Amino acid sequence: MNIGDQNDPNDGRPFPYEGPEALLQPIVDALMRVVDPEVAMSIVDVGLVYGVTVTADRVHVLLTMTSAACPVADMIVAEAEAELDSIAAPEMLNQVELVWDPPWTADRMSARARRFMGW
């Protein structure tokens, strides 16, 4: 997904982002490679990424699941961390934090995910 593909309140970004513009697209691309196996779509399209903040020494991702009982939550978090490790500078800490507030709703899904689901 290229920045701007989604019409949302985040200036064309698929999730709130704070950090260097040069890292935004690589981070989006990395997170797009993480698939929620329950729906066979990227975590970005499903709307599981609540936000990303990048500082000089850290990439911090707020991530949720569609349900607190999600059986693959640990796997998705680990895959997100691995994908971020592949694009971030070696000295940067990649932290994926699982959050539950606000609860996920289908309104967070991208237009592509809605079409895929037939909504």
Side-chain angles (χ1 to χ4, degrees):
M1 168 183 288
N2 289 323
I3 307 305
D5 283 355
Q6 219 171 311
N7 185 12
D8 61 59
N10 300 314
D11 295 327
R13 298 171 176 162
F15 45 75
Y17 175 80
E18 204 175 303
E21 287 301 311
L23 289 178
L24 175 57
Q25 189 65 55
I27 289 170
V28 170
D29 293 344
L31 294 174
M32 286 291 293
R33 291 189 293 269
V34 180
V35 173
D36 180 337
E38 293 184 312
V39 293
M41 300 240 16
S42 83
I43 62 173
V44 174
D45 280 322
V46 178
L48 301 182
V49 180
Y50 277 9
V52 176
T53 303
V54 179
T55 61
D57 60 350
R58 180 172 78 136
V59 176
H60 183 219
V61 177
L62 296 177
L63 189 68
T64 196
M65 297 293 132
T66 57
S67 160
C70 179
V72 294
D74 290 341
M75 183 186 80
I76 291 172
V77 168
E79 285 185 25
E81 289 173 341
E83 287 295 340
L84 292 169
D85 282 342
S86 75
I87 59 104
E91 65 275 5
M92 291 186 85
L93 170 66
N94 295 309
Q95 178 186 18
V96 177
E97 180 181 352
L98 201 54
V99 297
W100 302 107
D101 190 35
W104 179 88
T105 68
D107 293 339
R108 297 193 50 83
M109 293 174 29
S110 71
R112 178 180 14 204
R114 290 175 194 279
R115 283 190 304 274
F116 180 81
M117 300 280 191
W119 296 1

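Keep in mind the model is a prediction, meaning the values are calculated, not measured.
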Q: What residues form a side-chain contact (heavy atoms from CB on, under 4.5 Å) with Pro103, not counting sequence neighbours?
A: Asp101
Q: Of all the heavy-atom pairs spanning Asp45 and Ala113, show the shortest one and how long it is.
A: O-CB, 3.4 Å
Q: Decide yes or no for Met109 and Phe116: does some side-chain heavy atom of the first lie under 4.5 Å from some side-chain heavy atom of the second?
A: no
Q: Is there a side-chain contact between Pro71 and Glu38 in this structure, where contact means two heavy atoms from C-beta onward sitting under 4.5 Å apart?
A: yes
Q: Met32, Ile27: one ILVMFWY side-chain cluster at the under-4.5 Å cut-off?
A: yes
Q: Provide the full list of side-chain hydrogen bond (donor to acceptor under 3.5 Å, both in side chains) pairs with a residue in residues 74-84, sequence neighbours left out, each pair given once.
A: Arg33-Glu83
Q: Pairs under 3.5 angstrom only: tabulate donor-acceptor contacts from the side chains of residues 90-100 to other protein residues two or more places apart or in another chain.
A:
from	atom 1	to	atom 2	distance (Å)
Asn94	ND2	Asp85	OD1	2.6
Gln95	OE1	Arg58	NH1	2.4
Glu97	OE1	His60	NE2	2.7

Q: Side-chain heavy atoms under 4.5 angstrom apart, residues restricted to Ile, Leu, Val, Met, Phe, Trp, Tyr: same cluster for Met75 and Ile43?
A: yes
Q: With the threshold set at 4.0 Å, does a side-chain nitrogen-carboxylate oxygen contact exist between Glu18 and Arg13?
A: no
Q: My understanding is that only residues two or more places apart in sequence, or in another chain, count here; which of them pass side-chain contact (heavy atoms from CB on, under 4.5 Å) with Val39?
A: Asp36, Met41, Val46, Met117
Q: With heavy-atom distances below 4.5 Å as the criterion, would you say the side chains of Val28 and Tyr17 are in contact?
A: no
Q: Going by the side chain to side chain contact (heavy atoms under 4.5 Å, CB included) test, name the single residue among Leu62, Leu31, Leu23 that passes it with Val52.
A: Leu31
Q: Give the minimum heavy-atom separation between Arg108 and Gly47, together with the two atoms involved.
A: NE-O, 2.9 Å
Q: Identify, with sequence neighbours excluded, every residue that meets side-chain contact (heavy atoms from CB on, under 4.5 Å) alongside Asp107.
A: Thr105, Arg114
Q: Output yes when a side-chain donor or acceptor of Arg115 lies under 3.5 Å from a complementary backbone atom of Ser110, and no otherwise.
A: no
Q: Could you list the residues that satisfy side-chain contact (heavy atoms from CB on, under 4.5 Å) with Pro26, not counting sequence neighbours?
A: Ile87
Q: Any side-chain heavy-atom pair from Phe15 and Val61 closer than 4.5 angstrom?
A: no
Q: Should Ile76 and Pro37 count as side-chain neighbours, where that means a heavy-atom distance under 4.5 Å?
A: yes
Q: Shared ILVMFWY cluster between Val34 and Tyr50, side chains joined below 4.5 angstrom?
A: yes
Q: Considering residues at least two apart in sequence or located in another chain, which fulfil the side chain to side chain donor-acceptor pair (under 3.5 Å) criterion with Thr55?
A: Asp57
